[in-house]
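First listed ligand is number 1; within each ligand, the first listed atom is number 1.
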Amino acid sequence: MNREKIEQTLVLVKPDALKNSLTGYVLSQLSEFHTGLRFAGAKIACVSRMLAEEHYAEHRGKVFYPSLIEYIMGLLHYPDAPERRRIIALVYQGPDAVQKIRDICGPTNPHVAREKRPGCIRALGTVVPLKDAAGNDVGERMDNLIHASAADDEAEREIKLWFRPGDFPPFMRSYLTEINKEEHYYFKDNNLYMTHEPGSVCLIAPGDVVWKSDFDVLRSMQQGLPAAAPLASVAAKYLINYTAE
Ligand code: GTP
Ligand code: MG
């Protein structure tokens, strides 16, 4: 079921927040009492490289990108404990959701957050120097505890990247959906298949409710036409908690 557009935003409670037992603090800062916003979706996710790279696609090529990917995957905070590598993904809905939550998070850089917005969530974060193999400074990493969508269109892309329609109560799905009537869509090694291949994963089966925009991408690919988004941006959410990598 699709309803009139309601503003919503994606929040990720990042591995450093989980490691430092700040989850309860973060959730209480974002509570309906403080923000007037409601939970629509929630999941605990082991972040695969494919999901991390899609989430932070806009930063590909930047000097801090490799460490950003390792950070969100939990590789840096739990190097020896793969079973603890996870984040909490949340969707909040309500008026002015994007801006309200960005304000509570505060500036990206925890040093700046402490100076300019004492009391914001990211004021509790840290900045970690990055070194190359020879030990030279090559920049820094911002461990800032929380992600929040920066704009409406970003929120839509991110929510569809992390959540399937079935992750939401029917009245809280605010993007267009479609029911897949006939086809099976399988995924393996970043390729799409319409029949089962050994080692492939079935992403979507007949009867499944799918984001319409994802369906458009799959149909274009199936027909050999240019698609509006990469296959990984559709497949990644179906593989959440299926594989670690
Ligand atoms: P997110 O909510 O995590 O998306 O942060 P943001 O929207 O405040 O910032 P942005 O999307 O620009 O960057 C995503 C993440 O990349 C940040 O949370 C930082 O960890 C990291 N990052 C962004 N800009 C820089 C930078 O200039 N230097 C470094 N070292 N890290 C950065
Ligand atoms: Mg951002």
Side-chain angles (χ1 to χ4, degrees), residues 7-20 22-23 25-27 29-30 35 37 41-78 85-93 96-132 135-163 229 233 236-237:
E7 191 167 328
Q8 51 186 355
T9 191
L10 177 81
V11 165
L12 303 178
V13 181
K14 294 179 178 179
D16 47 337
L18 286 160
K19 185 167 184 178
N20 289 290
L22 290 170
T23 305
Y25 164 74
V26 168
L27 295 185
Q29 291 290 297
L30 303 181
T35 62
L37 305 173
K43 67 172 69 169
I44 295 170
C46 174
V47 182
S48 66
R49 188 166 293 277
M50 175 163 61
L51 182 59
E53 291 185 350
E54 280 305 313
H55 179 77
Y56 282 129
E58 65 170 306
H59 296 298
R60 213 166 273 163
K62 295 183 184 167
V63 67
F64 58 84
Y65 177 74
S67 68
L68 181 58
I69 298 302
E70 292 185 352
Y71 165 39
I72 200 69
M73 290 178 71
L75 298 172
L76 301 173
H77 291 87
Y78 296 110
R85 293 177 196 154
R86 70 237 186 270
I87 58 86
I88 303 176
L90 301 158
V91 176
Y92 287 89
Q93 286 187 352
D96 213 13
V98 168
Q99 197 52 51
K100 271 186 189 153
I101 293 203
R102 290 287 288 189
D103 287 348
I104 294 169
C105 292
T108 306
N109 183 327
H111 288 334
V112 177
R114 276 192 280 283
E115 194 186 317
K116 304 251 190 260
R117 295 285 313 283
C120 71
I121 292 173
R122 284 170 160 180
L124 298 179
T126 53
V127 177
V128 183
L130 294 176
K131 306 216 179 269
D132 65 14
N136 303 310
D137 277 341
V138 290
E140 52 194 18
R141 195 182 80 233
M142 293 174 192
D143 289 4
N144 52 16
L145 304 170
I146 184 168
H147 162 81
S149 310
D152 251 1
D153 54 348
E154 219 173 282
E156 177 167 351
R157 183 190 75 84
E158 292 173 356
I159 290 167
K160 289 175 173 175
L161 178 65
W162 288 83
F163 288 86
S233 73
K237 70 178 150 294

ask   = What are the atoms of ligand 1, with element, lying closer than 4.0 Å to any heavy atom of Lys14?
value = 3 (O), 18 (O)
ask   = Nearest heavy atom to atom 17 (C) of ligand 1: which of Thr108, Val11, Asn109, Leu145 does it belong to?
value = Thr108
ask   = Are Arg122 and ligand 1 in contact, using a heavy-atom cut-off of under 4.0 Å?
value = yes
key: Under 3.5 Å donor-acceptor, Asn20 side chain and Leu22 backbone   = no
task = Heavy atoms only: give me the nearest Lys237-Phe163 pair and the separation to one decimal.
result = CD-O, 3.3 Å
request  = For the pair Arg60 (side chain) and Glu53 (backbone), establish whether a donor and an acceptor sit closer than 3.5 Å, ignoring hydrogens and angles.
outcome  = yes
ask   = For Ala151, does its backbone N or O pair with a side-chain atom of Ser149 as donor and acceptor, under 3.5 Å?
value = no
key: Nearest neighbour in protein (non-hydrogen) for atom 1 (P) of ligand 1   = His147 ND1, 3.1 Å
query = Are any non-hydrogen side-chain atoms of Leu75 and Arg49 less than 4.5 angstrom apart?
reply = yes
request  = Identify the protein heavy atom lying closest to atom 7 (O) of ligand 1, giving its residue, its atom name and the separation to 0.1 Å.
outcome  = Arg102 NH1, 2.8 Å
ask   = Does the side chain of Val91 reach to within under 4.5 Å of the side chain of Trp162, using non-hydrogen atoms?
value = no
ask   = Any N/O of Met142 closer than 3.5 Å to an N/O of ligand 1?
value = yes
request  = Specify the closest pair of heavy atoms between Met142 and Pro110, including all atoms of both residues, with the distance to one decimal.
outcome  = CB-CD, 4.1 Å
task = Starting from atom 30 (N) of ligand 1, find the nearest protein heavy-atom neighbour and note its residue, name and distance.
result = Glu140 O, 2.5 Å
request  = State the atoms of ligand 1, each with its element, that fall below the 4.0 Å cut-off from a heavy-atom position in Ala148.
outcome  = 2 (O)
request  = Give a yes/no verdict on whether any heavy atom in Gly139 is under 4.0 Å from an atom of ligand 1.
outcome  = no
ask   = Can you tell me which residue and heavy atom of the protein come closest to atom 14 (C) of ligand 1, and the distance to 0.1 Å?
value = His59 NE2, 3.3 Å
key: Taking atom 23 (C) of ligand 1 as the reference point, the nearest protein heavy atom with its distance   = Phe64 CZ, 3.6 Å
ask   = Side chains of Asn144 and Lys14: donor-acceptor distance under 3.5 Å anywhere?
value = yes
task = Give the C-alpha distance, both sets of side-chain angles, the deciding distance and a yes or no for side-chain contact (heavy atoms from CB on, under 4.5 Å) between Gln8 and Ile159.
result = CA-CA 9 Å; Gln8 51 186 355; Ile159 290 167; 3.7 Å; yes
key: Which residue and heavy atom of the protein sit nearest atom 18 (O) of ligand 1, plus the separation   = Asn144 ND2, 2.8 Å
query = Tell me: protein heavy atom nearest atom 15 (C) of ligand 1, and distance?
reply = Leu68 CD1, 3.7 Å
query = Counting both backbone and side chain atoms, is some N or O of Arg141 under 3.5 Å from an N or O of ligand 1?
reply = no
